[in-house]
Amino acid sequence: MSDQNLFTPYTLGTLTLSNRIVLAPLTRNRAGAGFVPSQFAATYYSQRASAGLLISEATQISQQGQGYQDTPGIYTQAQIEGWREVTTAVHAKGGKIFLQLWHVGRVSHVDLQENGAAPVAPSAVRAATKVFVNNRFEDVSEPRALNINELPGIVADFRQAAANAVAAGFDGVEIHGANGYLLDQFLKDSANVRTDTYGGSIENRARLLLEVTAAVVDEIGRDRTGVRLSPVSPANGVSSSDPQAQFDYVVDQLAALGVVYLHVVEGATGGPRDVAPFDFGALRRRFKDTYIANNGYDLDLATSQVAADQADLIAFGRPFIGNPDLVERLRSGAPLSAFNPATLYGGGSAGYIDYPTLAESNASAS
Ligand code: 8OZ
């Protein structure tokens, strides 16, 4: 045991975080015209700036990378300018913020793609999942397998998006390699049945993630590059036939590339932590730099895992929605507020920037 606790500063690369609590990426589907971040996003993120680190909602690197309506992008000048308002507001409150870079792959719908094109995937294997589009949940569209000649273009899109994120004022980026989206589809052999150098072996299935990571590190530097993984999550219909050996390898390679953090969804995303046997401690030990743990953490588990050196930082997702001052509530043992599920995905300011801090609710009650 050590004397580390959640509320002490932490050095992440060149950044000093004020505590070890992280805002996990949360999709909120409120982008405006041109997939520019919501006019309320600067307020939303800055309300939560007391977290040691904020990770933005998943943000598509291209139109092809979009899978749900009204999610923001980072591939146009207007999007960069919209995000700049967010980073400026967060920095004004002393916060730090990374942008999560996202390509959904097969988890998309023709109505979101250019000219109604099919979504792209490692293989023409449709996911048994739905996306929110046309104001309702619809089955994903039949995907087409990417030609090997198209993969450098996807790597280039991630690279450009990372450069755009820095131009927008972000402190770094998180590559979304989790939850059954494109990079995870390549990793998981339920979705990847390719017979070329991007399919088959553990090494081949990791190739696209590692090429993307190397390109982003080259573009913006290792201290500004994190990666999120979900080794055993069944999110969006993916599974690996040998997750421990696979993710031991992936993590060793990410360590060799020198990324500043590994962010791991432990268990089923938003569900049980014990969905499948897996030694997350092995990943933590193999990766010498910062390990961010996520999924179903409460104060007790977060405190004990940090004290036992099983994680450096803990990412909280849903508890941050209704508690913009989550850090202060955890520190003081105050009760947590629930959030309204009806305003989780989509809408305007209601259920987004109107959750009060504890001090605000006490003031209005008296
Ligand atoms: C919830 C709804 C839509 C997308 C993820 C980006 O699971 C998401 C997501 C979550 O990583």
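Just so it is clear, the values below take in all heavy atoms, side chains as well, and ignore hydrogens, waters and symmetry mates. Here, residue 1 is the first one in the sequence, and each next residue gets the next number. Note that ligands are numbered from 1 as they come in the structure, with each ligand's atoms numbered from 1 the same way.
- For the pair Asp218 and Arg159, the salt-bridge criterion is met [side-chain N within less than 4.0 Å of a carboxylate O].
- Side-chain contact between Arg28 and Ser38 is absent, with no heavy atoms from C-beta onward closer than 4.5 Å.
- Residues passing the side-chain contact (heavy atoms from CB on, under 4.5 Å) test with Asn115: none are found, sequence neighbours excluded.
- Taking the charged nitrogens against the carboxylate oxygens, Glu81 and Arg84 have no contact shorter than 4.0 Å, which rules out a salt bridge.
- Sorted by chain and number, the residues within 4.0 Å of ligand 1 by heavy atom are Thr27, Ala58, Tyr68, Trp102, His176, Asn179, Tyr181, Tyr345.
- The aromatic rings of Trp83 and Tyr45 sit tilted, their planes meeting at an angle between 30° and 60°.
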Could you give me the CA-CA distance, side-chain angles and deciding distance for Phe98 and Tyr261, then say whether ring pair (Phe, Tyr, Trp, His ring centres under 6.0 Å) is met?
CA-CA 11 Å; Phe98 275 41; Tyr261 75 69; 5.5 Å; yes
